[in-house]
Amino acid sequence: MGSQQLLLIVLSMVITGIAITVAITIFQANAVESSRASMIEDLLYFAGRARDYYVRPRALGGGGRDFTGLKFGMLSKMNENENGRYTLESVSQHEIVLKAIGKIVADNDTIAVRMKVNEFQNTIEILH
């Protein structure tokens, strides 16, 4: 083969390698964002259940405008699903903090999301 043909073969191999690397990076970024969005959706579900507990009168099994008696088992029977693992990080009278740890590892670290829930709003904090 001529030197021009060898140069074209090497060049095409380099371009193919770069394209594969870029595709893998884009796929991983999409997987992380998708997982994070799924965990936030799960946390929003738990926040709604917690808010239901908060406003329900004590006589009906609720908190009577108090989160302090809330346990994670009241929000869901399972604290883990295909998206991640969920915990009730802290509980006070007017606010709870939920935390989600994802099952996908990105940049040698797991993704994590924290949500603060009170009577009126949810505050989402992306940890990783």
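In this chain, residues are counted from 1 in sequence order.
- Atom-to-atom distance recorded for Leu7:CG and Gln4:CD is 7.5 Å, nearest 0.5 angstrom.
- Side-chain contact, Asp109 with His128: a donor N or O sits under 3.5 Å from an acceptor N or O.
- For the atom pair CD1 of Ile101 and OG1 of Thr87, the computed distance is 6.5 Å after rounding to the nearest 0.5 Å.
- Note that NZ of Lys99 and CE of Met39 are 10.5 Å apart. Values are rounded to the nearest 0.5 Å.
- No side-chain donor from either of Tyr53 and Arg49 sits under 3.5 Å from a side-chain acceptor of the other.
- Remark: the backbone N or O of Glu33 is not paired with any side-chain donor or acceptor of Asn30 at under 3.5 angstrom.
- Using a cut-off of 4.0 Å between Lys/Arg side-chain N and Asp/Glu carboxylate O, Glu89 and Arg114 are scored as salt-bridged.
- One distance of note links CZ of Arg65 with CD of Gln93; it measures 11.0 Å at 0.5 Å rounding.
- Leu43 and Val97 are members of different hydrophobic clusters when ILVMFWY side chains are connected at heavy-atom separations under 4.5 Å.
- In this structure, Arg51 places its CZ atom where more than 12 heavy-atom neighbours from other residues, nucleotides or ligands lie under 6.0 Å away.
- If you take CG on Leu88 and OG on Ser76, they are separated by 12.0 Å, rounding to the nearest 0.5 Å.
- One N or O on the side chain of Ser92 and one on the backbone of Glu95 form a donor-acceptor pair closer than 3.5 Å.
- Ser35 places no side-chain N or O within 3.5 Å of a backbone atom of Val32 that could act as its donor or acceptor partner.
- No donor-acceptor distance shorter than 3.5 angstrom exists from the side chain of Lys103 to the backbone of Arg85, with no hydrogens or angles considered.
- Leu127 and Ile40 fall into different hydrophobic clusters, where Ile, Leu, Val, Met, Phe, Trp and Tyr are joined by side-chain heavy atoms under 4.5 Å apart, directly or via other members.
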Apply side chain to side chain contact (heavy atoms under 4.5 Å, CB included) to residues Leu98 and Leu75 and explain how you reach the verdict.
CA-CA 11 Å; Leu98 297 162; Leu75 303 177; 3.9 Å; yes
Would Val113 and Met115 satisfy side chain to side chain contact (heavy atoms under 4.5 Å, CB included), going step by step from the backbone distance to the final call?
CA-CA 7 Å; Val113 179; Met115 181 179 287; 5.6 Å; no
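- Interatomic distance, CG of Leu6 versus CG of Leu11, reported as 12.5 Å (0.5 Å rounding).
- The backbone N or O of Gly17 lies less than 3.5 Å from a partner atom in the side chain of Thr21, making a donor-acceptor pair.
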What verdict does the side chain to side chain contact (heavy atoms under 4.5 Å, CB included) test give for Ile104 and Thr110, after you've listed the backbone C-alpha separation in whole Å, the side-chain angles of each residue and the deciding distance to 0.1 Å?
CA-CA 6 Å; Ile104 292 181; Thr110 57; over 6 Å; no
With side chain to side chain contact (heavy atoms under 4.5 Å, CB included) as the criterion, how do Ile126 and Ile124 come out once you've worked through the C-alpha distance, each side chain's angles and the decisive distance to 0.1 Å?
CA-CA 7 Å; Ile126 306 295; Ile124 298 169; 4.3 Å; yes
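- A pairwise comparison of heavy atoms in His94 and Phe67 identifies C-CD1, 3.5 Å as the closest pair.
- Taking the six-membered ring for Trp and the full ring otherwise, the centers of Phe46 and Tyr86 sit less than 6.0 Å from each other.
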